[in-house]
Asker: 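Can you read through this structure? Questions will come right after.
The chain is numbered in sequence order, starting from 1. In this text the structure is predicted, and so the values were computed from the model without any measurement.
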Amino acid sequence: MKARAIGLAFGLLASAAAAQDAPEQTLFTNVHVFDGLNEQRIENASVLVEGNLIKTVSTDAIDAPDATVIDGGGRTLSPGFIETHAHLMLMGPSIPAMEANATWEDFGIHGTRMAEMYLMQGFTTVRDAGGANGGLRRAIDAGQILGPRYYPSGAFLGTRGGHADFASFTSPPGASTNFGRLNMAQEVDSVADVLKFGRNNFRMGATQLKYMQSGGVVSAFDPWQLLAGSPEEIEAAVQVANEYGSYVMAHSYRKEAIMNALNAGVKSIEHGFSFDCEIAALMNEKGAYITTNLTAFDPGLLEIPAVASVPSSLAKAKSASETFAGYIDNMRECPVKRGFQTDCVGSVEACNIQIAYEKKLNNDFFGPLTSMVTLTSTGGEIVALSGDFMNPYPAGKLGVIEEGAYADILLIDGNPLEDFSVVGTGDQWFGADPRPESPETIRLIMKDGVIYKNTLQ
């Protein structure tokens with residue numbers, strides 16, 4: 001009898017410990033699920049979150065007596081949005097100003113504020129396309145600051161006179177720079193340089209590499225038509241990424257640059273303004289992706305102060321606009337997997353406006369379903385290219401609502417597949433009024449099973 005009593009006591013203690021260790025559950029009821037992929041929502045569904053993963057998605061009632069219940073009130077439950085090309089550390093107002101006058105504190109404070117802004121705009125994941133190392137992600141993941149899941153690229157890698165050359169005009173080759181000292185941009189003019197600084201980027205917390213293959217419009221030294229980097233140098237970047245089980249994203253404008261990058265093994269084409277159906281065929285063959293800032297096709301592009309006030313930039317912009325005019329039609333005719341890109345460099349307030357306007361342009365050019373897929377599941381596939389070793393979030397899929405995926409979830413008023421404005425779009429870019437801290441129509445934001453916004457209660 002005594003032995004039985006002792007055994008019962010141990011059993012009760014074990015049961016209590018197991019209950020205490022059980023992950024918390026959140027049950028969303030009365031929601032219409034956009035799963036990140038399909039045009040037809042899962043109507044009148046329930047979604048059970050356990051810990052930081054989605055456990056069940058069902059149109060039947062889910063038995064979870066210990067769960068916290070959130071009645072969605074017939075709203076759309078969507079994956080959190082994914083930004084695949086941002087620069088959280090680059091506050092502007094110009095590259096020369098950041099090179100000459102910015103300290104690590106300035107960059108860090110700006111990055112912290114940008115991270116919180118992105119999360120409150122509904123972005124639960126951000127891929128940083130250059131200028132940020134691993135520190136911001138460590139702080140976010142440790143709960144020290146608010147922000148999305150974060151995939152940094154480390155320093156931009158580019159040639160002398162190319163799009164990653166942020167040195168002052170009189171700076172001699174090889175001279176130390178502010179961006180170089182902080183590992184935000186590195187000049188690579190040989191295979192040896194690419195190998196050294198590419199490996200250093202991974203050492204500093206990068207999840208993928210960013211290679212500057214073409215020039216730009218508002219940058220100082222580089223024509224947009226530039227074909228920077230030899231085939232051997234681009235292949236060296238791919239080699240380093242492969243060593244780490246990851247991939248290379250390439251800043252590529254010209255068709256020749258895009259084709260060279262794809263043939264070298266680059267998996268993510270950034271901007272890709274000369275996109276056409278021949279490029280699409282090669283992308284599909286190689287399993288590659290593209291991200292494009294659609295603000296480049298805004299009718300008011302030539303009136304932007306940074307362009308209009310600098311004769312060389314204005315001339316480059318006019319030339320580029322003529323060359324890139326076929327992008328939208330070509331993407332409609334020969335669609336490929338495209339990620340959402342904002343590419344904002346500037347104040348937090350200005351980037352908030354630009355993000356909302358970029359959302360609007362996606363819908364204007366490609367419609368709501370394609371835009372929602374771009375914002376969610378395609379972004380999830382892109383960040384997963386970082387592989388088994390360098391992906392900091394390997395336990396579940398991102399950008400989808402399905403069993404086993406990460407619990408990165410939005411509750412949105414209305415149906416974004418019918419009225420895309422509910423995702424938080426903006427009708428104006430330059431000259432627009434400041435935007436709210438978070439779109440009113442995004443009623444709940446959950447990342448990794450934790451709720452950061454809830455205006456339903």
Side-chain angles (χ1 to χ4, degrees), residues 83 85-118 126-137 139 145 147 150 152-188 197 200-201 204-206 209-212 214-222 224 228 249 251 270-271 293 295 304-307 309-310 312-313 316 341-355 430:
E83 164 73 82
H85 189 119
H87 299 289
L88 266 60
M89 289 294 185
L90 304 187
M91 80 290 285
S94 66
I95 295 296
M98 289 186 285
E99 172 62 29
N101 299 319
T103 68
W104 65 266
E105 295 101 331
D106 297 318
F107 290 117
I109 291 168
H110 180 73
T112 299
R113 294 186 61 226
M114 284 284 286
E116 182 173 356
M117 181 273 288
Y118 259 107
V126 168
R127 182 180 69 158
D128 196 297
N133 298 291
L136 194 63
R137 184 185 70 237
I145 62 175
Y150 194 52
S153 301
F156 299 96
L157 303 178
T159 59
R160 175 75 173 177
H163 202 53
D165 184 353
F166 299 152
S168 64
F169 181 70
T170 57
S171 178
S176 176
T177 65
N178 192 29
F179 276 91
R181 288 186 293 272
L182 298 174
N183 200 53
M184 297 177 69
Q186 299 292 359
E187 182 180 316
V188 291
F197 288 111
N200 188 62
N201 273 346
M204 298 295 290
L209 299 181
K210 170 72 175 297
Y211 193 90
M212 296 297 216
S214 292
V217 172
V218 298
S219 44
F221 311 119
D222 46 326
W224 67 261
M249 51 196 298
H251 169 104
E270 308 306 301
H271 312 297
N293 46 320
T295 48
I304 295 172
V307 173
S309 62
V310 182
S312 60
S313 293
K316 287 200 288 183
Q341 180 192 143
T342 304
D343 193 31
C344 183
V345 174
S347 71
V348 176
E349 294 76 18
C351 289
N352 192 345
I353 291 170
Q354 187 171 333
I355 290 166
F430 286 91

Asker: Kindly give the heavy-atom pair with the smallest separation between N133 and G154, and that separation in Å.
Answerer: OD1-CA, 3.6 Å
Asker: Before giving the answer on ring pair (Phe, Tyr, Trp, His ring centres under 6.0 Å), spell out for F179 and F156 the whole-Å C-alpha distance, their side-chain angles and the decisive distance to 0.1 Å.
Answerer: CA-CA 9 Å; F179 276 91; F156 299 96; 7.6 Å; no
Asker: Under 3.5 Å, side chain of H110 to main-chain N/O of V348, donor-acceptor pair present?
Answerer: no
Asker: Could you pull out the closest heavy-atom pair between A155 and A185, with the gap in Å?
Answerer: CB-N, 3.6 Å
Asker: When you measure from the side chain of Q186 to the backbone N and O of L157, does any donor-acceptor pair fall under 3.5 Å?
Answerer: no
Asker: Is a side-chain donor or acceptor of N201 paired with a backbone partner of L209 at a separation under 3.5 angstrom?
Answerer: no
Asker: Taking atom CZ of F197 and atom CD of E187, what is their separation to the nearest 0.5 Å?
Answerer: 8.5 Å
Asker: With sequence neighbours left out, write down each residue that passes salt bridge (Lys or Arg N to Asp or Glu O under 4.0 Å) with E270, or none if nothing qualifies.
Answerer: R127
Asker: So how far is it from R113 CZ to I145 CD1, rounded to the nearest 0.5 Å?
Answerer: 12.5 Å
Asker: Out of curiosity, M249 CE to H271 NE2, how far, rounded to the nearest 0.5 Å?
Answerer: 8.0 Å
Asker: Taking all non-hydrogen atoms of both residues, which atom of T159 and which atom of D165 are closest, and how far apart?
Answerer: O-CB, 4.0 Å
Asker: Please output the side-chain donor-acceptor pairs of residues 87-94 that fall under 3.5 Å, not counting sequence neighbours, one pair per line with the distance.
Answerer:
unit_1: H87; atom_1: ND1; unit_2: G130; atom_2: O; d: 3.0
unit_1: H87; atom_1: NE2; unit_2: H85; atom_2: NE2; d: 3.3
unit_1: H87; atom_1: NE2; unit_2: D343; atom_2: OD1; d: 3.0
unit_1: S94; atom_1: OG; unit_2: A97; atom_2: N; d: 3.2

Asker: Side chains of I355 and M117: closer than 4.5 Å at any heavy-atom pair?
Answerer: yes
Asker: Testing the basics here: between D128 and S153, what is the closest heavy-atom pair and its distance to 0.1 Å?
Answerer: O-OG, 2.6 Å
Asker: State, yes or no, whether a side-chain contact exists between N101 and D106 at a heavy-atom distance under 4.5 Å.
Answerer: no
Asker: How long is the gap from CD on Q341 to CG on N293, to the nearest 0.5 Å?
Answerer: 4.0 Å
Asker: For R181 and S176, which heavy atoms make the closest approach, and how far apart are they?
Answerer: NH1-OG, 2.8 Å
Asker: Looking at side-chain heavy atoms only, is the closest gap between V188 and Y211 below 4.5 Å?
Answerer: yes
Asker: Rounded to the nearest 0.5 Å, what separation is found between the SG atom of C344 and the CD atom of E83?
Answerer: 9.5 Å
Asker: For A86 and Y118, which heavy atoms make the closest approach, and how far apart are they?
Answerer: CB-OH, 3.6 Å
Asker: What distance separates T177 OG1 from L182 CG, expressed to the nearest 0.5 Å?
Answerer: 8.5 Å
